[in-house]
Amino acid sequence: MHVAVDLNSYLQYVLTAIAFVVTLLYLVKTTASKYFVVDDDSNFESSASPPTAGFGDRRMEPATPEGCGVCGNITKKQCSRCKMVKYCSEACQRSHWNSGHKFKCKDFQLSGKGSSLQGRKSSAVSLTHASGTSKILDHSKKVLFPYEEFLELFNWDSPGFPPCGLLNCGNSCFANVVLQCLTYTKPLVAYLLEKGHLRECRRNGWCFLCEFQHHVERASRSQQPFSPINILSRLPNIGGNLGYGKQEDAHEFMRFAIDMMQSVCLDEFGGEKAVPPNTQETTLIQHIFGGHLQSQVICTECSNVSNQFENMMDLTVEIHGDAESLEECLDQFTAREWLDGDNLYKCDGCNDYVKAWKRLMVRRAPNILTIALKRFQVLQDCSGAEKTGALPQL
């Protein structure tokens, strides 16, 4: 018995079946990648989360830009949708997704498309800033300033130099006190005096870090008070609302100064928009002043825990009641806050507004911690603010 087979029809059927299977697998993987990590190594190893860094913890541990976005454990797995956040386990990814990443993931994905397309062509991409030339950012390293070099600066064994006063140039005491604090921040001064920023600067115009290096060099060899007029005359360049000859807030000026130095460090690699957020935390300025804050909210109905993390450059601590020491002020800063009444919490687990506990904690303490004490409190009738009494003992 002979059966006639149409070879063309048979081949067409086979090819159609193969195309259908490949398309189905692609759709399944694409859909799953929106919510779960798609990786060749899908087995997650459970590991204990490191303890929260306390205010007195002075251990010098290197920053880990490859760390999990929730617990900080080192991992190579990442969100397969945005490629911007790392996770060590499915539990950490699910927690971060529910705590708000699902709303930010798409924005991260859009912001990272340009750099990822360039990265496919070469692992080393030349980034040029509008203000001048820039270095080659090697995406395989993802570290702008090696932490080992920072440790050498932190442990700088130079005897230093004696304090040198600054002249008041007219309502400049707010800037003078900040410049004095920065001038005696050891790792920053060690970098400026030993390595120097001037020969590495990529800015064509005025640079705050270059000017501050001149300031430190002059303070290190001067035996008489001198005027920091070269910096004071450039206050609008440091902060948009700062002006020479006006009374300004010292904490505000310090934030502007640190942010300006961070911006200078990023400009060497193409600017803030060209450098991924995790990599931005590996500059010298971040190694010195940078840390992580953790905001934790616990639902009283379903016990759902929501954790959010953000970068910090300093702590702004209020003085409540009769706090007599800095430790008491820090205890007040990390105390649990009751979310109730008009301030109910929208819980993702309950999908409703509920009562909850909220607490701020220091996830990773900075190597150089800057604390700003808020001595003004708003009056109950909202008619103004009053200054608290005695300062707490440091």
Side-chain angles (χ1 to χ4, degrees), residues 58-63 135 143-166 172 174-203 206-222 226 228 230-232 234-235 237-239 242 250-269 272 275 279-292 311-315 364-372:
R58 299 301 305 152
R59 291 177 297 175
M60 299 293 295
E61 298 180 355
K135 295 181 181 179
V143 174
L144 305 185
F145 193 92
Y147 198 81
E148 293 73 16
E149 294 185 21
F150 165 75
L151 288 179
E152 295 178 2
L153 299 176
F154 189 90
N155 298 317
W156 190 44
D157 57 0
S158 173
F161 48 89
C164 178
L166 298 177
S172 66
F174 72 95
N176 287 4
V177 67
V178 172
L179 292 175
Q180 291 287 50
C181 290
L182 294 176
T183 302
Y184 294 93
T185 300
K186 184 166 66 172
L188 179 60
V189 175
Y191 167 76
L192 295 176
L193 295 182
E194 295 292 336
K195 187 175 182 180
H197 169 75
L198 284 168
R199 54 178 171 267
E200 295 187 355
C201 185
R202 297 298 190 270
R203 289 198 167 190
W206 184 80
C207 172
F208 173 76
L209 199 51
C210 290
E211 194 63 57
F212 184 65
Q213 179 175 336
H214 288 307
H215 178 89
V216 172
E217 291 173 347
R218 184 175 181 182
S220 65
R221 61 176 181 264
S222 178
F226 64 93
N230 291 338
I231 294 179
L232 297 178
R234 293 282 189 165
L235 286 177
N237 298 87
I238 301 174
L242 297 177
H251 177 230
E252 185 179 18
F253 172 70
M254 186 167 211
R255 284 310 313 269
F256 279 131
I258 293 177
D259 289 345
M260 178 62 68
M261 290 189 288
Q262 171 73 354
S263 177
V264 170
C265 293
L266 295 178
D267 284 350
E268 297 180 11
F269 299 91
E272 182 178 356
V275 183
T279 307
Q280 292 182 20
E281 297 186 13
T282 63
T283 64
L284 171 65
I285 302 303
Q286 278 285 341
H287 289 329
I288 297 175
F289 302 103
H292 284 161
N311 183 266
M312 57 171 284
M313 286 292 198
D314 58 31
L315 280 181
R364 179 171 65 83
N367 292 306
I368 302 295
L369 176 60
T370 304
I371 300 178

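Heavy-atom basis, side chains included; hydrogens, waters and symmetry copies ignored.
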- Message: Distance alone, cut at 3.5 Å: any donor-acceptor contact between the side chains of Asn311 and Gln280?
- Response: no

- Task: Taking the side chain as every heavy atom from C-beta outward, state whether Leu266 and Gln286 have any atom pair closer than 4.5 Å.
- Result: no

- Item | Asp314/Arg255 salt bridge by N-O under 4.0 Å criterion | yes

- Task: Any chance you could measure Leu198, atom CG, to Glu211, atom CD, to the nearest 0.5 Å?
- Result: 9.0 Å

- Between the main-chain N or O of Cys164 and the side-chain N or O of Gln180, is there a donor-acceptor pair closer than 3.5 Å? yes

- Taking every heavy atom of Cys207 against every heavy atom of His197, the minimum-distance pair comes out as SG-NE2, 3.6 Å

- Message: Apply side-chain contact (heavy atoms from CB on, under 4.5 Å) to residues Phe253 and Leu235 and explain how you reach the verdict.
- Response: CA-CA 9 Å; Phe253 172 70; Leu235 286 177; 3.5 Å; yes

- Parallel, tilted or perpendicular for Tyr184 and Phe161, by the 30°/60° rule? tilted

- Item | Check: Leu188 and Ile285 side chains under 4.5 Å, non-hydrogen atoms | yes

- Would you call the rings of Tyr147 and His287 parallel, tilted or perpendicular if under 30° counts as parallel and over 60° as perpendicular? perpendicular

- Query: If you look at every heavy atom in Phe145 and Thr283, which pair is closest and at what distance?
  - Reply: CB-C, 4.0 Å

- Note on the structure: What one should report as the nearest heavy-atom pair of His251 and Ala372 is CD2-CB, 3.5 Å

- Could you check whether the rings of Phe154 and Phe150 sit parallel, tilted or perpendicular, using 30° and 60° as the cut-offs? tilted

- Note on the structure: Taking every heavy atom of Thr279 against every heavy atom of Val143, the minimum-distance pair comes out as CG2-N, 4.5 Å

- Task: Could you tell me whether the side chain of Gln213 reaches within less than 4.5 Å of the side chain of Val216, counting heavy atoms only?
- Result: no

- Task: Could you walk me through whether Asp259 and Phe208 pass side-chain contact (heavy atoms from CB on, under 4.5 Å), step by step?
- Result: CA-CA 11 Å; Asp259 289 345; Phe208 173 76; over 6 Å; no

- Query: Atom CD1 of Ile368 and atom CD1 of Ile288: how far apart are they, to the nearest 0.5 Å?
  - Reply: 7.5 Å

- Hey, does the side chain of Arg234 reach the backbone of Asn230 with a donor-acceptor pair shorter than 3.5 angstrom? no

- Message: What verdict does the side-chain contact (heavy atoms from CB on, under 4.5 Å) test give for Met254 and Leu182, after you've listed the backbone C-alpha separation in whole Å, the side-chain angles of each residue and the deciding distance to 0.1 Å?
- Response: CA-CA 9 Å; Met254 186 167 211; Leu182 294 176; 3.9 Å; yes

- Query: If you take all heavy atoms of Val275 and Phe269, which pair is closest and at what distance?
  - Reply: CG2-O, 3.9 Å

- Apply ring pair (Phe, Tyr, Trp, His ring centres under 6.0 Å) to Phe226 and His215, showing your working. CA-CA 10 Å; Phe226 64 93; His215 178 89; 5.3 Å; yes

- Test Thr183 against Arg218 for side-chain contact (heavy atoms from CB on, under 4.5 Å), laying out the working first. CA-CA 11 Å; Thr183 302; Arg218 184 175 181 182; over 6 Å; no

- Nearest atoms (heavy-atom pairs only) where Val177 meets Phe174: CG1-O, 3.2 Å

- Message: Does any part of the side chain of Lys195, heavy atoms only, come nearer than 4.5 Å to the side chain of Glu149, both counted from C-beta?
- Response: yes

